[in-house]
Amino acid sequence: MIPFKHRLAEGKPLIGLWQALANNYTADICARLGFDWLLFDGEHSPNTAQTLLGQLQAVERHGPEPIARVPANDPVIIKQYLDIGFRTLLIPMVDTAEQAAAAVAATRYAPEGIRGVASGTSRAAGFGMTPNYLANAADGLTVIVQIESRIALTNAAAIAATPGVDAVFIGPGDLAASLGHLGDPGHAEVQDAVAQAMTAIRGAGKPAGIFALSPQHTRQCCEQGYAFVAAGTDIGLLVKGGKALLDEVRG
Ligand SMILES: O=C(O)C(=O)C[C@H](O)[C@@H](O)CO
């Protein structure tokens with residue numbers, strides 16, 4: 001599969017779906033719907049490396065790029081997610097260029113970084129059967145950092161410009177909380193901040209992504225130049241569909 005960072009550079013906005021159910025079966029269904037990417041959430045969903053492995057195995061033969069969000073900017077967890085085979089990672093809560101550089105270093109083998117080596121037992125390396133995996137591993141990786149705080153907003157340009165950061169994702173929910181508008185990502189001040197972040201990211205020459213608030217907002221984000229947009233979540237589809245069905249049945 002083409003590395004996600006190269007797909008982001010193609011200029012066509014890539015639409016994704018958040019996978020929060022932590023379930024192989026639902027992931028297998030979502031992988032067949034036509035989304036460009038699926039985000040497997042290790043931060044806010046009951047996922048472990050083991051559960052994520054099952055979801056990755058369920059989807060990787062289908063089209064969408066599997067993206068994993070690590071629970072934190074932790075080199076130990078980043079190593080585990082890479083070793084089970086994720087090639088695209090989303091690192092949450094990155095506030096400074098130094099934190100962004102640390103995230104990149106966690107994805108690189110020495111001398112560029114600190115990723116631990118286990119090619120013979122690593123699924124990503126084909127359990128030792130992928131020729132030259134260690135030498136070529138970084139070529140296929142996409143490192144996406146998430147900016148979602150007031151501090152990150154002030155450092156957005158430097159974060160985006162950090163070498164090895166392939167894209168920057170804006171988290172409107174946490175950004176709203178950080179700006180004093182908890183639960184109101186659509187607040188004008190939050191949306192202004194999102195626009196500032198987008199300008200800084202694009203100014204640094206990097207693709208920007210965002211979690212959209214509605215199908216209409218998804219379309220707007222695509223028109224505004226976002227390279228990848230999360231259009232919703234698996235849980236949201238289940239809740240919305242279930243409520244709509246019951247309303248229709250009961251009239
Ligand atoms: O801050 C945000 O918004 C995000 O990072 C996305 C949420 O974490 C995701 O769970 C969708 O609500």
Side-chain angles (χ1 to χ4, degrees), residues 14-23 26-27 30 35-48 51-52 55 64-74 77-78 81 86 88-95 99-100 103 142-156 159-160 165-198 200-201 207-218 220-221 224 226-241:
L14 301 176
I15 309 302
L17 185 68
W18 225 254
Q19 301 293 287
L21 283 166
N23 183 285
T26 53
C30 292
F35 286 95
D36 299 306
W37 52 277
L38 299 178
L39 185 290
F40 296 89
D41 197 355
E43 183 186 14
H44 287 291
S45 295
N47 271 311
T48 65
T51 62
L52 287 165
Q55 293 161 73
E65 176 71 16
I67 304 174
R69 178 162 70 173
V70 292
N73 188 1
D74 178 336
I77 298 171
I78 288 171
Y81 281 32
F86 282 103
T88 304
L89 296 184
L90 176 63
I91 319 292
M93 297 291 183
V94 172
D95 288 337
Q99 290 173 4
T142 300
V143 178
I144 307 170
V145 296
Q146 201 168 347
I147 61 176
E148 44 191 335
S149 73
R150 188 186 296 272
I151 298 172
L153 211 52
T154 61
N155 296 322
I159 291 168
V165 167
D166 298 301
V168 181
F169 187 82
I170 301 168
D174 279 304
L175 184 58
S178 180
L179 295 175
H181 301 291
L182 179 63
D184 188 6
H187 189 282
E189 186 183 352
V190 178
Q191 290 304 306
D192 287 348
V194 166
Q196 283 175 48
M198 166 55 159
I201 297 162
I210 190 167
F211 194 94
L213 306 178
S214 68
Q216 180 188 1
H217 186 224
T218 300
Q220 287 170 352
C221 291
Q224 289 166 1
Y226 284 92
F228 59 121
V229 184
T233 69
D234 51 1
I235 290 177
L237 295 176
L238 184 58
V239 170
K240 186 177 178 183

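Atoms considered below: every heavy atom in the structure, side chains included; atoms not considered: hydrogens, waters and symmetry mates. Since the model is a prediction, treat every value here as computed from it, not as a measurement. Both counts, for ligands and for their atoms, begin at 1 and track the order of listing.
- Taking the six-membered ring where the residue is Trp, F211 and W18 present perpendicular rings, their angle passing 60° and hence far from 30°.
- For the atom pair I15 CD1 and W37 CH2, the distance stands at 8.5 Å (nearest 0.5 Å).
- Residues satisfying the side-chain contact (heavy atoms from CB on, under 4.5 Å) criterion with A212, sequence neighbours excluded, are H217, T218, V229.
- Every residue meeting the side-chain contact (heavy atoms from CB on, under 4.5 Å) condition with A27, not counting sequence neighbours, appears here in chain and number order: Q19, F40, Q55, V59.
- Side chains of T142 and D166: no donor on one and acceptor on the other come within 3.5 Å.
- By the side-chain contact (heavy atoms from CB on, under 4.5 Å) test, A68 pairs with Y81, F86, L89, sequence neighbours left out.
- Using a heavy-atom distance under 4.0 Å as the criterion, the protein contacts of ligand 1 are W18, H44, R69, Q146, E148, G171, P172, G173, D174, F211.
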